[in-house]
There are 2 protein chains.
Amino acid sequence: MYKVSRQREWIYDYIQSHPDRHMSVEEIYEGLKAENREVSVATVYRNLKILQDENRIASLMLESGKQVFDKTCRPHDHLICTTCQKIFDLDMPYDRSIERKAEHQLHIPIESHSLVLYGTCADCLQKKGKV
Amino acid sequence: MYKVSRQREWIYDYIQSHPDRHMSVEEIYEGLKAENREVSVATVYRNLKILQDENRIASLMLESGKQVFDKTCRPHDHLICTTCQKIFDLDMPYDRSIERKAEHQLHIPIESHSLVLYGTCADCLQKKGKV
DNA sequence: ATAAATGCAAACCTTTTGCACCCTA
DNA sequence: TAGGGTGCAAAAGGTTTGCATTTAT
């Protein structure tokens with residue numbers, strides 16, 4: 001159905017090559033431009049949708065309503081640092097026991113969950129300690 | 001700082017009197033109009049912000065990017081039914097052990113969390129059983 | 001009396017769409 | 001060479017803002 005396109009691969013590569021960031025549409029658009037890989041905004045929007053549809057990337061909606069993109073579709077939780085606001089993918093095993101526990105309490109089948117932790121990331125913790 | 005206003009109380013009452021729904025700005029606006037309590041959209045937006053600022057209500061951002069409002073600020077988890085899409089406030093105790101567990105694994109302090117479960121709600125489960 | 005709240009319309013931003021042209025398979 | 005894909009600009013959608021007027025304290 002979808003064909004390969006140069007622009008789509010630029011976008012995909014850009015996300016993969018910044019694994020520690022979770023970027024918004026605008027950040028991706030501006031970032032590519034800065035690398036002399038300018039793509040029109042419309043194309044960025046269209047391709048981010050297609051990449052999600054192909055399960056090559058995932059997206060995460062922040063409480064602010066800003067959508068950011070994740071390099072992987074593998075289920076995992078997130079940490080949002082309440083100091084620097086950075087978003088981290090957690091290596092902590094995605095915990096199905098949370099779902100099993102809820103099933104027992106609610107008596108309904110649970111298929112998946114979304115967990116975001118808010119706290120201070122290791123970097124910020126270290127910086128605070130140094131003051 | 002804030003004064004009492006008729007419109008703000010209408011909005012607050014409207015949210016409180018529909019505890020089983022999590023409504024968007026538009027649904028609140030339309031709902032009030034249907035009760036002959038028309039308030040301008042701008043005022044609905046302004047007051048929903050103020051009500052949150054006063055901690056009288058909370059809001060929840062859905063994956064779709066739609067913001068919906070919650071009658072309570074008490075920390076609690078949510079269930080989103082994957083069949084009817086309704087959102088439920090969970091009575092399940094807000095589980096601090098999730099945070100403690102993450103602290104142990106990540107060695108950083110966790111302040112709070114946001115947990116959304118996806119599954120089939122009791123109503124939909126029953127309807128399915130009846131087929 | 002004064003500071004906040006309202007309604008209205010204009011302004012804003014972000015996302016989507018229509019269309020002529022271009023590029024994969 | 002047919003069916004996606006692209007850029008551009010216009011359109012659409014949702015939210016905010018400026019301002020004159022009204023309302024609460």
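Each chain gets a letter, A, B and so on, in the order its sequence line appears, and its residues count up from 1.
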K.L.:
Do the two ring centres, one from A/H22 and one from A/F88, sit under 6.0 Å apart?
P.N.:
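No, the ring centres sit 6.0 Å or more apart.
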K.L.:
Under 4.0 Å, counting only non-hydrogen atoms across every strand here, what does B/K66 touch: a base, just sugar-phosphate, or nothing?
P.N.:
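Answer is nothing: B/K66 stays at 4.0 Å or more from every strand.
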K.L.:
For A/I50 and D/dG3, give me the distance from atom CD1 to atom P, rounded to whole Å.
P.N.:
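Value for this atom pair: 17 Å.
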K.L.:
Map B/V4 and A/S5 onto DNA chain D by nearest heavy atom, then report which one ends up closer to the 5' terminus.
P.N.:
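By nearest-heavy-atom nucleotide position, the 5'-most residue is A/S5.
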K.L.:
May I ask you to verify if any side-chain N or O of A/T43 is less than 4.0 angstrom from the OP1 or OP2 atom of D/dG7?
P.N.:
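Looking at the OP1 and OP2 atoms of D/dG7, one of them is under 4.0 Å from a side-chain N or O of A/T43.
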K.L.:
Distance check: side-chain N/O of B/S40 vs OP1/OP2 of C/dC8, anything under 4.0 Å?
P.N.:
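It does not, given that no N or O in the side chain of B/S40 lies less than 4.0 Å from OP1 or OP2 of C/dC8.
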K.L.:
Using a cut-off of 4.0 Å on non-hydrogen atoms, how would the nucleic acid contact of B/V39 be classed: base, sugar-phosphate, or nothing?
P.N.:
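B/V39: backbone/sugar contact only, no base atoms under 4.0 Å.
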K.L.:
To the nearest angstrom, how far is B/W10 atom CH2 from C/dG7 atom C1'?
P.N.:
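After rounding, the reported distance stands at 13 Å.
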K.L.:
How is B/R6 classified with respect to the nucleic acid when contacts are heavy atoms under 4.0 Å: base, sugar-phosphate, or nothing?
P.N.:
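Nothing, no heavy atom under 4.0 Å.
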K.L.:
Assuming nearest nucleotide by heavy-atom distance, tell me which of A/A42 and A/K3 is located more 5' along DNA chain D.
P.N.:
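Comparing both residues, the 5'-ward one is A/K3.
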K.L.:
If the cut-off is 4.0 Å, is B/Q67 near the phosphate of D/dG14, judged by side-chain N/O to OP1 or OP2?
P.N.:
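Answer no for this pair, as no side-chain N or O of B/Q67 is under 4.0 Å from OP1 or OP2.
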K.L.:
Of the nucleotides D/dG4, D/dC8, D/dT16, which has the atom closest to the B/K49 side chain?
P.N.:
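Given the options D/dG4, D/dC8, D/dT16, the side chain of B/K49 is closest to D/dT16.
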K.L.:
Give the minimum heavy-atom separation between A/C73 and A/I57, together with the two atoms involved.
P.N.:
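Shortest heavy-atom separation between A/C73 and A/I57 comes out as SG-O, 3.0 Å.
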K.L.:
Rounded to the Å, how far apart are B/Y29 OH and C/dC8 C1'?
P.N.:
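Roughly 11 Å, once rounded to whole Å.
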K.L.:
Which whole-number value in Å describes the distance from A/L48 CG to C/dT16 C1'?
P.N.:
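Going from CG in A/L48 over to C1' in C/dT16 covers 14 Å.
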K.L.:
Start with the C-alpha gap between B/T43 and B/Q7, add the side-chain angles, then the distance that decides, and say whether side chain to side chain donor-acceptor pair (under 3.5 Å) holds.
P.N.:
CA-CA 8 Å; B/T43 298; B/Q7 285 85 338; over 6 Å; no
K.L.:
Would you tell me if any nitrogen or oxygen in the side chain of A/Q7 comes within less than 4.0 Å of OP1 or OP2 on C/dC23?
P.N.:
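For C/dC23, OP1/OP2 do not have a side-chain N/O of A/Q7 under 4.0 Å.
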K.L.:
Ignoring the backbone of B/Y2, work out which of D/dT25, D/dG5, C/dA5 is nearest its side chain.
P.N.:
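Out of D/dT25, D/dG5, C/dA5, the nucleotide with an atom closest to B/Y2's side chain is C/dA5.
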K.L.:
Verify the contact: side-chain N or O of B/R46 to OP1 or OP2 of D/dT16, cut-off strictly under 4.0 Å; return yes or no.
P.N.:
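Checking B/R46 against D/dT16: no side-chain N or O falls below 4.0 Å of OP1 or OP2.
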K.L.:
Using heavy-atom distances to pick each residue's nearest nucleotide on DNA chain C, tell me which of A/G65 and B/E38 is more 5'.
P.N.:
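Between the two, 5'-proximity favours B/E38.
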K.L.:
Without decimals, in angstroms, what is the distance between B/M61 CE and D/dG14 P?
P.N.:
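Going from CE in B/M61 over to P in D/dG14 covers 14 Å.
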K.L.:
Rounded to the nearest 0.5 Å, what's the gap from CD on B/Q105 to CG on A/D91? Could you check?
P.N.:
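Here the rounded value is 10.0 Å.
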K.L.:
Tell me whether A/R56 forms a cation-pi arrangement with A/Y12, defined as NZ or CZ under 6.0 Å from the six-membered ring centre and within 45 degrees of its axis.
P.N.:
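A/R56 over A/Y12 ring: yes.
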K.L.:
Send over the distance from A/R8 CZ to C/dA25 P, rounded to a whole Å.
P.N.:
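Spelled out: CZ on A/R8 to P on C/dA25 is 10 Å.
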K.L.:
Working to the nearest 0.5 angstrom, can you tell me the gap between A/L117 CG and B/L106 CG?
P.N.:
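The CG atom of A/L117 sits 7.0 Å away from the CG atom of B/L106.
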K.L.:
Taking atom C1' of D/dG5 as reference, at what distance in whole Å does atom CD1 of A/I11 sit?
P.N.:
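Going from CD1 in A/I11 over to C1' in D/dG5 covers 11 Å.
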K.L.:
Between P on C/dT24 and CE on A/M1, what's the gap in Å once rounded to a whole number?
P.N.:
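Atom CE in A/M1 sits about 18 Å away from atom P in C/dT24.
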